[in-house]
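These numbers come from the heavy atoms of this one structure, side chains and all, not from hydrogens, waters or symmetry mates. Each ligand, and each atom within it, is numbered from 1 in the order the structure gives.
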Amino acid sequence: MTGHVAVIGGGLAGLTAACDLADEGLRVTVLEARRRLGGATFTFHLDGLEIDNGQHVVLRCYTQYLNLLRRLGSAHALEVQRQFDVPVLRPGVGRTRLRRARVPAPLHLLTALARYRALSVPQRLRAVRAAAALRGLDPAEPALDEISFGRWLDDHGQGGAPRAALWDLISVAALNCPSEHASLGLAAMVFRTALLDHAAAADIGVPTVPLDQVHVLPAERYVTARGGAVHTNCPVRAVRVDRRGFHLFLDQRRLLVDAVVVATTPIAAAAVCPSEANLIPADLHRLGSSPIVNVHVVFSEPVTDLRFAAAVSSPVQWLFDRSGPAGLEHGQYLAVSLSAAQRWISAPVSRLREVFLPALGTLLPAAARTSVTRFFVTRHRRATFQQRPGTARLRPEPATSVPGLVLAGAWTATGWPDTMEGAVRSGHEAAGLVRRHLGGDR
Ligand SMILES: Cc1cc2nc3c(=O)[nH]c(=O)nc-3n(C[C@H](O)[C@H](O)[C@H](O)COP(=O)(O)OP(=O)(O)OC[C@H]3O[C@@H](n4cnc5c(N)ncnc54)[C@H](O)[C@@H]3O)c2cc1C
C-alpha cells in the first residue's frame with residue numbers, strides 16, 4: 001500500500017496506530033508536541049534513578065496491550081502474576097489478601113471473598129450476592145451510563161465498609177474516579193471483564209523496567225525500522241483539508257499527507273481538527289479530567305518484601321516496590337499511587353510528606369523506623385478523562401465526517417475505561433480506518 005500518513009500525538013494510541021500503519025508499508029510520520037514520546041506514560045531521570053511519571057499496572061485481560069508488547073519484543077518487560085493475588089494492608093491490623101483460587105469463574109471470586117478478612121462474614125456473603133448481580137449487567141446498556149456506581153452499590157447493600165474495603169479498592173484505581181461519581185456502565189465493564197467473567201483476567205502485571213523501555217522506545221524503534229519518521233517538540237497547530245489531501249500546520253512548516261490519525265488529548269483534538277470533521281468541541285471539553293498523584297519514597301533499607309499492595313482505612317491506596325525498575329542499588333524505593341487525587345493534586349510536598357510517611361509507617365512497621373533518603377511527588381492534573389455518568393455519549397467514534405481523518409485515544413468510544421488497553425485498541429481501530437480509506441482493505 002502507498003501513501004503518507006501523519007500520526008499526531010506520540011502517546012500509546014498514536015504509537016500503536018503508527019506501528020500498524022508502518023507494517024502496511026505506508027510512509028508514517030509521528031508528530032509529538034512534547035520533547036518526549038509516551039504521552040501519559042513516560043520515564044525521566046532523577047539523581048541516577050529512572051522514574052516513571054506514575055505507576056502503571058496491567059491486567060491479563062489487556063489482551064491488545066499484551067499483544068502489542070509481544071510484537072514489539074518487550075513482553076518480558078512485564079511480570080504478570082500467575083494468579084490474582086493482592087495483599088491488602090490495614091493500619092495496626094496487618095495483612096489480609098484478595099487471592100483467587102485456581103477454579104473457573106465465578107467460583108474463583110467466591111474463594112477469594114471467603115478468605116478476605118477486611119470484611120465480616122455477613123459482609124462477605126452480601127458482597128458475593130452483589131457480585132452476582134453486577135455480573136448480570138450489560139456494560140453496553142446505555143441506561144447504565146446514566147447512574148453512578150456508588151448509587152448502585154448503596155442499592156445493593158454495599159455502601160460503607162464493603163465499598164471502602166472491596167469495591168473502591170478496584171474501581172477507584174481502574175476508573176480514576178470515586179465510586180459515587182463513576183459511571184455504572186464503566187464500572188460494570190471493569191468488574192465483568194477483569195474479575196467476574198474469566199478467572200485469570202485480573203491477574204496483575206507490573207513493569208520490571210522503566211515504562212519507556214516497556215512500550216515507548218520499542219514502538220519508536222519499530223516505526224523507524226520500517227521507514228517511519230518520529231518528531232518530538234513538534235506540535236501540530238491545525239489540520240486543513242482540500243482536494244490535494246491534508247495540510248498540517250507546524251510551527252516552522254507545513255506537511256501535506258494522504259491521511260491523518262489525530263491521537264492527541266480530547267481538547268487538543270478539538271483545537272486541531274478542521275470544522276468539516278464535525279467534532280463537538282463542547283462534548284470533548286465536557287469529558288473533563290481527573291488527577292493522579294504518585295508519592296515516591298526512597299528508604300535507606302528495605303521496609304517490605306511486598307512487590308505491591310493495596311491499603312484500606314489509610315490515605316495510601318496502592319503501593320509498589322519500584323526499586324528494580326528504577327535501578328536503585330541500596331535501600332528500597334516505594335511509589336504510593338493515588339487515583340482520583342483531587343485532594344492531593346495541589347498539596348505542597350511538605351504536606352504530602354506529613355501525611356504519607358506516617359501512613360506508610362502504620363502499614364509497614366519497618367517504614368516507621370527507617371530513614372527516608374528521598375521524597376518526591378509526580379502529579380498529573382489531567383491523567384484521564386472523568387469517567388462519570390453521561391460520558392459514553394461524549395466519547396466520539398474514531399471515524400470523523402472527513403474520510404482519512406480519524407481519531408485515536410483512550411478517550412474515544414472504545415468501550416474501555418481510559419487505560420493503556422483502551423489506548424491500544426483505539427490505535428488499532430484508527431489504523432484500520434486509514435487502511436480502508438487508502439484502499440488497502442484485505
Ligand atoms: C499517572 C498515571 C497513571 C496511570 N495508570 C494507569 C494504569 O495503571 N493502567 C492503565 O491501563 N492506565 C493507566 N493510566 C492511563 C493511561 O496512561 C492512558 O489511558 C493512556 O496512556 C492514554 O494514551 P493516549 O495515547 O490515548 O493519550 P496520551 O498518552 O495523552 O497521548 C496524547 C499525546 O498527544 C500529544 N499531543 C497533544 N496535542 C498535540 C498536538 N497539537 N500536536 C502533537 N502532539 C500533541 C500529547 O503530548 C501526548 O503525548 C495512567 C495515567 C497516568 C497519567
Side-chain angles (χ1 to χ4, degrees), residues 6-18 29-42 51-59 61-62 64-66 78 172-176 190 194 204-207 211 214-216 219 230-239 248-251 255 260-273 289-296 308 317-318 320 335-341 345 377-385 387 395 398 407-412 414 416-427 429-430:
V7 176
I8 309 177
L12 191 47
L15 290 172
T16 304
T29 302
V30 178
L31 304 159
E32 164 56 46
R34 295 195 201 140
R35 65 187 168 85
R36 58 184 149 222
L37 295 175
T41 60
F42 66 89
I51 310 293
D52 285 349
N53 64 315
Q55 175 67 43
H56 277 68
V57 158
V58 311
L59 305 178
C61 61
Y62 279 27
Q64 299 300 314
Y65 179 73
L66 293 169
L78 277 184
V172 173
L175 298 178
N176 194 22
V190 166
I204 292 177
V206 287
L211 269 178
V214 182
H215 58 250
V216 183
V230 175
H231 302 287
T232 50
N233 273 324
C234 194
V236 176
R237 304 295 178 191
V239 177
L248 271 56
F249 290 73
L250 315 178
D251 283 344
L255 191 66
V260 183
V261 177
V262 179
T264 63
T265 55
I267 291 175
V272 156
C273 285
S289 60
S290 184
I292 297 179
V293 170
N294 273 233
V295 172
H296 307 254
F308 62 84
Q317 295 173 2
W318 286 76
F320 296 85
V336 176
S337 176
L338 303 167
S339 300
I345 189 72
V377 178
T378 48
R379 307 168 198 257
H380 287 266
R381 216 167 267 283
R382 300 181 164 275
T384 64
F385 73 88
Q387 314 198 58
R395 296 173 77 179
L407 303 176
W411 50 276
T412 58
T414 63
W416 276 73
D418 192 330
T419 53
M420 297 196 290
E421 175 70 5
V424 170
R425 285 173 182 251
S426 80
E429 184 74 24

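- In terms of polar-atom proximity, Ala383 is not counted as a contact of ligand 1, lacking any N or O under 3.5 Å from an N or O of the ligand.
- Any N or O atom pair closer than 3.5 Å counts here, and Gly409 shares no such pair with ligand 1.
- In terms of polar-atom proximity, Ile8 is not counted as a contact of ligand 1, lacking any N or O under 3.5 Å from an N or O of the ligand.
- Counting heavy atoms only, Ala40 comes closest to atom 28 (P) of ligand 1 of the residues Cys234, Ala40, Ala271.
- Inclusion of Ala13 in the set of residues having an N or O under 3.5 Å from an N or O of ligand 1 is warranted.
- The shortest N/O to N/O separation between Thr419 and ligand 1 falls below 3.5 Å.
- Looking at every heavy atom in both residues, Val261 comes nearest to Ala430 through CG1-CB, 3.9 Å.
- When Pro291, Ala410, Ala17 are checked for heavy-atom proximity to atom 22 (C) of ligand 1, Ala410 turns out nearest.
- No donor-acceptor contact under 3.5 angstrom links the side chains of Thr16 and Arg425, judged on distance only.
- Proximity of a side-chain donor or acceptor of Gln387 to a complementary backbone N or O of Leu175 within less than 3.5 Å is detected.
- Using a 4.0 Å cut-off between heavy atoms, Arg237 makes no contact with ligand 1 at all.
- Residue Thr265 places no N or O, backbone or side chain, under 3.5 Å from any N or O of ligand 1.
- Closest to atom 44 (N) of ligand 1 among all protein heavy atoms lies Ala33 N, 3.1 Å.
- Residue Leu12 places at least one N or O, backbone or side chain, under 3.5 Å from an N or O of ligand 1.
- Ligand 1 places these atoms under 4.0 Å from at least one heavy atom of Tyr62: 9 (N), 10 (C), 11 (O).
- Note on ring orientation: taking the six-membered ring where Trp is involved, the planes of Tyr62 and Tyr65 are perpendicular (angle over 60°, cut-offs 30° and 60°).
- For atom 52 (C) of ligand 1, the candidate residues are Arg35, Arg379, Glu32, His56; the nearest heavy-atom contact is made by His56.
- Scanning both residues, Ser339 and Ala173, for their nearest heavy atoms gives OG-CA, 3.6 Å.
- Using modelled atom types and a 3.5 Å distance limit, the side chains of Thr384 and Asp418 yield no donor-acceptor pair.
- With sequence neighbours excluded, no residue forms a salt bridge (Lys or Arg N to Asp or Glu O under 4.0 Å) with Glu429.
- Of all the heavy atoms of Leu31, the ones lying under 4.0 Å from any atom of ligand 1 belong exclusively to the backbone.
- Of the listed options Thr264, Leu37, Asp418, Asp418 places a heavy atom closest to atom 15 (C) of ligand 1.
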Pairs under 3.5 angstrom only: tabulate donor-acceptor contacts from the side chains of residues 262-272 to other protein residues two or more places apart or in another chain.
| unit_1 | atom_1 | unit_2 | atom_2 | d |
| --- | --- | --- | --- | --- |
| Thr264 | OG1 | Ala269 | N | 3.1 |
| Thr265 | OG1 | Ala268 | N | 3.4 |

